[in-house]
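What follows is a set of notes on a single structure, which appears directly below.
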Amino acid sequence: MSDLNGDASPLLSPRKANRSLNPVRSRGNAGIRFIKKRYVVALFAFMGLAIVMALQVAVTQVAGKLKSRYNWTDSQKNAVTSSVHFGYILSPLIGGLLADYFGGKVIFGVGVFFCCVTAASTPLAAPHFYVLIALRVMAGFFEGLIYPAFNSKLALWAPTGERSVLSAIGYIGSFVGIIVSVLVSKSLNSESALDGYGSFLVFGCIAVIWILFYCLFAYGKPSKDPNECDAEEYYLQVKLHGHHDGEYQSFPWKHLLSSGPCYAILLAHLGYSWMLVTVADGFPQFSKNVFKRDLEEKHNIDEIVPNAAFILAAFISSLVADSLTRNKMLLKRVRQLFTSISFVTSSVFIILLADLSQHQRAKGLIYMSIVQGSLGLCYGGFLINHLDIGPRHAGALYGLTSAFSIISYFLVPIVMKVLVTCSICTDHENPCAHVEHPYFKGHTNQGCPPPTQGQCIVGPNAFNPDISQCSFHDVQREYRALFIVAASVCLAMGIAYNILASGHVQPWNTLHKPPVRGRLIHKANPEQWKSILNGEM
């Protein structure tokens, strides 16, 4: 690339190299654009992920109704809600490898399309249990393609000083989708609304509209977008420092085995996921057992507020992280700073949460919001680090670390089942629900032992002698142990990340000299190009 003080202009794609350029002119018919195309890429991802998660949550919201309608057991209901994780086991890595080869646009679109189709087909498959399970596994598989595909796209569209915010805009769509679905699904799924399946029709129609717009207006590379101005393509090429020219190179498996920065992200992703799964699985049960919260509440504030806190923290931290990066703070230090604050804060407050009494629900909501919100700080930390160390393989790297973190989806429920044995009796027709300490452990139904002669009797003289009563302090002790395990894993992984992390592009990112795309183009005003590089684009 020539000096900007000279007469030559920079390199652009070959199809644009033979004509005179204007740094502020659009290449297509759009003329004037009101938003930079890299932010359009992030907004498409935001909407796609929001729709996917809205449909996925809609399935869990309707699972209780399906259980009653088709006489499922508790195990069958749990299988419907959890089988999605089995499809997710290897698909992030597969999705990342495919996205780096075929392009993030294609794999992202395919993932969203089929994930929406499988989730929206729930009403049709519900009468056939094993068909529904197969659809849930398929939904998990296609969902797993989406996140690494977006990361692969970011590698071509996100300059260093905007990586955090562009990533956060896209990924927080998942949490917005969760909030929207929690707010409206139960109303849409009332018996009067399309036989109880209204949310699937509404979200399915929105998905169709998104897919149409995505096919028409989304592009995989800046050089392929006819509506992107020359200045933005030039700006992205220079700010990406030539570390990713859009050409595929095989994934460097052998080199990653000895890459400390890769292990850093791998371990941090495990700690993050362990805490996030503990929040997702443990907090609802904790609220039910400690604060006697009704899990069937129409608008569940204990789900909405923590997710809103995550969104706010992710967006603010991404803005601050990018600002620090643009102000010359070492990229490694930025990633370490936000990862450390996230892991330490979530670990401290999740342990404090276990010590709250039954009458401190408001304080509990604050603590739960701090725990989940602090995890959002990782969008200024390790969750963007894949793009820093290996932009050419950003999709596959994200897929690799994400697939490894899936371990937590299976281990956390096992740990929870071992450590948390006491449960509150929620069947109000059972006399055991009205005793001073309505907590029991053993083979209970809705947490309740079967009544003995119309009375709540447990122990040797009861109908089921294997069931015993717990005190509230027993419940606190069990959840404290669960939360300490989560905090320990998170802090240990955070320490490992701080030791091994890097903010530099690794040598394995480009194992051979990348091809030169295009040639020197027509002369342009150097002052215009300088203004672009100084951040005015």
Side-chain angles (χ1 to χ4, degrees), residues 35 39-63 80-81 84-85 87-88 91-92 95 99 104-125 132 135-154 166-189 193-194 197-220 280 303-304 307-308 310-311 314-315 379 402:
I35 183 171
Y39 287 91
V40 173
V41 170
L43 289 173
F44 264 122
F46 172 89
M47 287 300 301
L49 288 170
I51 295 166
V52 165
M53 287 310 300
L55 279 166
Q56 296 285 48
V57 172
V59 175
T60 62
Q61 295 281 342
V62 82
V80 169
T81 57
V84 67
H85 300 315
Y88 203 90
S91 65
K105 176 200 169 182
V106 175
I107 304 304
F108 187 90
V110 168
V112 171
F113 175 77
F114 283 104
C115 192
C116 290
V117 168
T118 52
S121 300
T122 297
L124 299 176
L132 180 59
L135 281 177
R136 298 297 296 143
V137 173
M138 290 172 63
F141 176 84
F142 288 111
E143 183 185 343
L145 304 181
I146 298 171
Y147 297 91
F150 178 50
N151 221 48
S152 183
K153 287 189 72 173
L154 283 175
L166 286 168
S167 177
I169 290 171
Y171 287 122
I172 62 177
S174 297
F175 295 88
V176 172
I178 292 172
I179 292 175
V180 171
S181 194
V182 168
L183 284 171
V184 305
S185 284
K186 288 183 179 177
S187 297
L188 293 173
N189 292 336
L194 297 170
Y197 298 123
S199 62
F200 296 97
L201 178 63
V202 171
F203 295 140
C205 290
I206 296 173
V208 171
I209 295 171
W210 179 89
I211 289 166
L212 289 174
F213 274 84
Y214 186 79
C215 291
L216 291 173
F217 301 110
Y219 293 90
E303 290 185 52
I304 294 170
N307 279 293
F310 184 99
I311 292 168
F315 190 68
Y379 282 99
S402 182

Run the side chain to side chain contact (heavy atoms under 4.5 Å, CB included) test on Val59 and Thr81 for me, step by step, so that the C-alpha distance in whole Å, both residues' side-chain angles and the decisive distance to 0.1 Å come before the verdict. CA-CA 7 Å; Val59 175; Thr81 57; 6.0 Å; no

Phe46 vs Phe150, test: side chain to side chain contact (heavy atoms under 4.5 Å, CB included). Steps then yes/no. CA-CA 10 Å; Phe46 172 89; Phe150 178 50; over 6 Å; no

Determine the minimum heavy-atom distance between Ala168 and Ala314, stating which atoms define it. CB-O, 3.9 Å

Spatial distance of atom CZ (Phe175) from atom CD1 (Ile172) [nearest 0.5 Å]: 9.5 Å

Smallest separation among heavy atoms of Val52 and Glu143, with atom names: CG1-CG, 4.3 Å

Could you measure the distance from the CZ atom of Phe200 to the OG atom of Ser185? Nearest 0.5 Å is fine. 7.5 Å

Only one of Asn151, Val110, Val112 passes side chain to side chain contact (heavy atoms under 4.5 Å, CB included) with Ile146; say which it is. Val112

Would you name the heavy atoms of Gly95 and Ile107 that are closest together and state the gap between them? O-CG2, 3.9 Å

Side chain to side chain contact (heavy atoms under 4.5 Å, CB included) assessment of Phe315 paired with Ile169: CA-CA 7 Å; Phe315 190 68; Ile169 290 171; 4.1 Å; yes

Quick one: side chain to side chain contact (heavy atoms under 4.5 Å, CB included) partners of Phe141, sequence neighbours excluded? Ser91, Ile94, Leu145

Fit a plane to each ring of Trp210 and Phe44, take the angle between them on a 0 to 90° scale, and name the class: parallel (under 30°), tilted (30 to 60°) or perpendicular (over 60°). perpendicular

Whether over 12 other heavy atoms sit under 6.0 Å from Tyr39 OH: yes

Test item: Tyr219 side-chain N/O and Lys105 main-chain N/O as donor-acceptor pair under 3.5 Å: no

Parallel, tilted or perpendicular: which describes the rings of Phe142 and Phe114, with under 30° parallel and over 60° perpendicular? parallel

Taking the side chain as every heavy atom from C-beta outward, state whether Asn307 and Val182 have any pair of such atoms under 4.5 Å apart. no

Please round to the nearest 0.5 Å and tell me the distance separating atom CD of Gln56 and atom OG1 of Thr118. 6.5 Å

Look up atom CZ in Phe310 and atom CD1 in Ile178, then write down how far apart they are to the nearest 0.5 Å. 9.0 Å

Looking only at heavy atoms, the pair that brings Ala139 and Val84 closest together is C-CG2, 4.3 Å

Mind listing the closest non-hydrogen atom pair of Ser167 and Tyr379 along with its distance? OG-CD2, 4.0 Å

Given Ser402, Ser152, Ser174, the one that forms side-chain hydrogen bond (donor to acceptor under 3.5 Å, both in side chains) with Tyr147: Ser174

Please round to the nearest 0.5 Å and tell me the distance separating atom OG of Ser199 and atom CD of Gln61. 8.5 Å

Enumerate donor-acceptor pairs with a distance under 3.5 Å from any side-chain N or O in residues 202-209 to protein atoms, sequence neighbours excluded.
none

Could you check whether the rings of Phe213 and Phe217 sit parallel, tilted or perpendicular, using 30° and 60° as the cut-offs? tilted

Measure the spacing between CD1 of Ile304 and CG of Leu183 and express it to the nearest 0.5 Å. 4.0 Å

